[in-house]
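Working notes, structure below.
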Amino acid sequence: NADTAMYRAKDAGRNNFQFYAHDMNSRALDRLKLESGLRRALERDEFVVHYQPQMEIASGEIIGAEALLRWQAPGQGMIFPGDFISIAEEAGLIVPMGEWVLRTACTQKKAWHDAGMRAPMKIAVNLSARQFKHQDIVKVVSRVLEQTGCRPEWLELEITESVVMDNPEAAARTLQKLSDMGVHLSIDDFGTGYSSLNYLKRFPINSLKIDRSFVRDITTDVDDAAIARAVIALAHSLKMTVIAEGVESAEQLSFLREQQCDQMQGYYLSRPVPAPELEKLLNATSQKSIKPASGD
Ligand code: C2E
Ligand code: MG
Ligand code: MG
Ligand code: MG
């Protein structure tokens with residue numbers, strides 16, 4: 001309780017320092033626990049990947065799925081990336097974790113292909129800044145593709161603006177190598193960072209993802225609507241496809257359809273779900289009926 005804590009701190013007088021030091025230590029301890037938990041999670045196989053379908057708006061076809069990491073720590077339920085990705089990034093654990101996600105997603109896509117199942121054409125995998133800047137990223141991607149039998153054109157890598165703009169020359173070389181391999185590239189959370197349009201035009205980027213924060217009030221906020229329209233126009237004039245993330249309603253979808261947005265992803269179509277549930281959803285939508293599905 002904060003009041004008691006403050007009282008205790010005041011009461012302790014010149015021992016204030018001890019109190020604050022204790023507070024800091026406990027936070028550092030939580031962090032350390034989380035870090036060692038993450039370290040063990042890889043060895044103990046506690047991570048799972050959920051898949052969120054992406055739909056082509058004009059046809060109603062599910063054309064892709066984004067792989068999203070979840071952590072099932074024993075006795076703690078499901079932990080979402082917002083609670084551990086930044087710690088993993090700082091601790092450098094994101095590199096092996098990210099490779100695990102990539103391998104899992106590629107293995108899944110190949111399995112769907114081999115089973116002759118209806119499956120999304122592409123699997124999108126998020127790359128963190130640390131992973132993208134790692135000198136071996138191109139080797140890692142090509143090795144995983146080779147080992148899993150996943151074709152490069154089945155894979156899309158999502159990177160954020162800040163990651164590519166931070167060091168555009170180095171990013172350009174990495175992006176070119178990945179693109180030459182046949183892998184698709186997209187800019188995630190587009191509009192929330194800083195982009196040099198001059199670089200954007202020269203990078204081998206295939207698509208832009210309109211950030212969820214612009215989509216949320218797209219039908220009521222004129223500024224958000226204007227931004228969404230501008231991103232769609234920008235993508236198309238640069239010969240890129242554009243996908244809106246975080247679509248939760250029929251109204252948002254119809255706005256996006258009117259504005260010629262190519263693809264959508266969001267709870268309105270489906271939450272991220274385990275692979276078997278995505279298979280069910282794909283079978284259910286073979287008649288092009290879009291119904292929200294349950295998930296996490
Ligand atoms: P992101 O890449 O922008 O992924 C989209 C996030 O929005 C996901 O959150 C997804 O569940 C959520 N979302 C999708 N549709 C809707 C919607 O209609 N409404 C709302 N409110 N949310 C929606 P999630 O899975 O919690 O992931 C959060 C972020 O964590 C991701 O944002 C991504 O930046 C990061 N992340 C997730 N998996 C990985 C991974 O394997 N590697 C790395 N490096 N980052 C990851
Ligand atoms: Mg993403
Ligand atoms: Mg995104
Ligand atoms: Mg986002």
Side-chain angles (χ1 to χ4, degrees), residues 38 41-42 46-55 62 64-72 77-108 122-134 137 140-141 144 155-164 184-193 205-219 243-253 256 263-274 277-278 281 290 292-296:
L38 282 171
L42 265 181
E46 293 170 0
F47 289 118
V48 283
V49 173
H50 283 186
Y51 298 88
Q52 188 179 35
Q54 302 172 325
M55 186 188 82
I62 289 169
E66 179 172 4
L68 294 158
L69 184 60
R70 273 94 183 85
W71 180 16
Q72 274 171 332
M78 182 118 76
I79 307 176
F80 290 85
D83 290 330
F84 63 85
I85 288 282
S86 60
I87 304 272
E89 174 104 19
E90 284 164 39
L93 287 166
I94 194 70
V95 175
M97 279 164 58
E99 181 170 343
W100 181 85
V101 174
L102 184 66
R103 189 176 303 276
T104 303
C106 288
T107 302
Q108 182 62 68
K122 272 182 307 151
I123 292 290
V125 175
N126 293 284
L127 281 193
S128 80
R130 185 108 176 217
Q131 263 182 296
F132 183 74
K133 288 175 190 159
H134 197 277
I137 184 64
V140 167
V141 172
V144 169
L155 177 65
E156 180 163 86
L157 296 174
E158 298 191 0
I159 317 137
T160 58
E161 288 167 282
S162 40
V163 171
V164 289
H184 292 260
L185 299 165
S186 71
I187 304 280
D188 205 355
D189 305 336
F190 190 78
T192 60
I205 302 292
N206 303 89
S207 68
L208 300 183
K209 296 191 80 172
I210 306 177
D211 190 63
R212 194 168 87 208
S213 59
F214 303 118
V215 174
R216 192 179 50 227
D217 300 322
I218 212 169
T219 57
I243 173 162
E245 62 176 24
V247 178
E248 294 185 358
S249 72
E251 292 74 29
Q252 290 167 337
L253 178 57
L256 292 161
Q263 302 165 4
M264 65 79 92
Q265 174 182 348
Y267 294 174
Y268 182 63
L269 176 63
S270 167
R271 289 181 177 247
V273 291
E277 283 195 43
L278 183 65
L281 182 79
I290 308 154
S294 61
D296 61 40

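Because the structure is a prediction, the values reported are computed rather than measured. Read the numbers this way: they start at 1 and go in the same order the structure lists the ligands and their atoms.
Of the candidates Ser270, Ala67, Pro81, it is Pro81 that places a heavy atom closest to atom 29 (C) of ligand 1. In the candidate list Trp100, Phe84, Tyr267, Tyr268, Tyr267 is nearest to atom 23 (C) of ligand 1, counting heavy atoms. If you check each of Leu68, Val215, Asp189, Thr192 against atom 3 (O) of ligand 1, the one with the closest non-hydrogen atom is Asp189.
Residue Ser128 touches ligand 1 through backbone and side chain together, judged by heavy-atom distances below 4.0 Å. Under 4.0 angstrom from ligand 1, there are no non-hydrogen atoms of Gln265. Contacts of Gln52 with ligand 1, taken as heavy-atom pairs under 4.0 Å, involve the side chain alone. At a 4.0 Å heavy-atom cut-off, ligand 1 touches Val101 through the side chain alone. For Val125, no heavy-atom contact with ligand 1 is shorter than 4.0 Å. At a 4.0 Å heavy-atom cut-off, ligand 1 does not touch Met97 at all. Neither the backbone nor the side chain of His50 has any atom closer than 4.0 Å to an atom of ligand 1 (non-hydrogen atoms only). If you look at Asp188 next to ligand 1, the close heavy atoms, those under 4.0 Å, all belong to the side chain. The residue Glu89 has no part lying near ligand 1, judged by heavy-atom distances below 4.0 Å.
The Mg ion (ligand 2) is closest to atom OE2 of Glu66 (considering only N, O or S atoms). In terms of distance to the Mg ion (ligand 2), the nearest N, O or S atom of Asp188 is named OD2.
At least one donor-acceptor pair under 3.5 Å links the side chain of Gln252 to the backbone N or O of Arg216. Remark: side-chain polar atoms of Gln131 are not paired, donor with acceptor, to backbone N or O of Ile137 under 3.5 angstrom.
Note that CD of Glu245 is 10.0 Å distant from CZ of Phe214, once rounded to the nearest 0.5 Å. The CD1 atom of Ile123 sits 12.0 Å away from the CG atom of Leu157 when rounded to the nearest 0.5 Å. With rounding to the nearest 0.5 angstrom, the CG atom of Leu269 is 9.0 Å from the CG atom of Leu253. Interatomic distance, CD of Glu248 versus CE of Met264, reported as 10.0 Å (0.5 Å rounding).
Counting the atoms of ligand 1 from 1 in the order shown, those under 4.0 Å from a heavy atom of Ile85 are 43 (C), 45 (N), 46 (C). Of all atoms in ligand 1, listed by their number and element, those nearer than 4.0 Å to a heavy atom of Pro272 are 11 (O). Every atom of ligand 1 is numbered from 1 in the order shown, and the set under 4.0 Å from a heavy atom of Leu69 is 38 (N), 41 (O). When each atom of ligand 1 is checked for a heavy atom of Gly246 under 4.0 Å away, the hits are 15 (N), 16 (C), 17 (C), 18 (O). Ligand-side atoms of ligand 1 in range of Glu248: 17 (C), 18 (O), 19 (N), 20 (C), 21 (N), range being under 4.0 angstrom from any heavy atom.
When each of Glu89, His134, Lys133 is checked for a side-chain hydrogen bond (donor to acceptor under 3.5 Å, both in side chains) with Ser128, only Glu89 meets the rule.
The two residues Pro272 and Tyr267 have their closest heavy-atom pair at CD-CE2, 4.2 Å. Across Tyr51 and Ala65, no two heavy atoms sit closer than the pair CB-CB, 4.2 Å.
Under the 3.5 Å distance criterion, with hydrogens and angles disregarded, no donor-acceptor pair is assigned to the side chains of Thr219 and Glu251. Defined by atom type and a distance below 3.5 Å, a donor-acceptor pair is present between the side-chain atoms of Gln52 and Gln265. With hydrogens and angles left out, the side-chain atoms of Asn126 and Glu66 include a donor and acceptor closer than 3.5 Å.
Taking 4.0 Å as the cut-off between side-chain N and carboxylate O, Lys122 and Glu156 count as a salt-bridged pair.
Between Trp71 and Phe47, the two ring planes are tilted [angle within 30° to 60°].
Taking any N or O of Phe80, backbone or side chain, none lies under 3.5 Å from an N or O belonging to ligand 1. Considering backbone and side-chain atoms alike, Asn126 places an N or O below 3.5 Å from some N or O of ligand 1.
For the pair OD1 of Asn126 and OE1 of Glu158, the angle whose vertex sits at the Mg ion (ligand 2) is 90° to 10 degrees.
The Mg ion (ligand 2) lies at 2.8 Å or more from every N, O or S atom belonging to Glu245.
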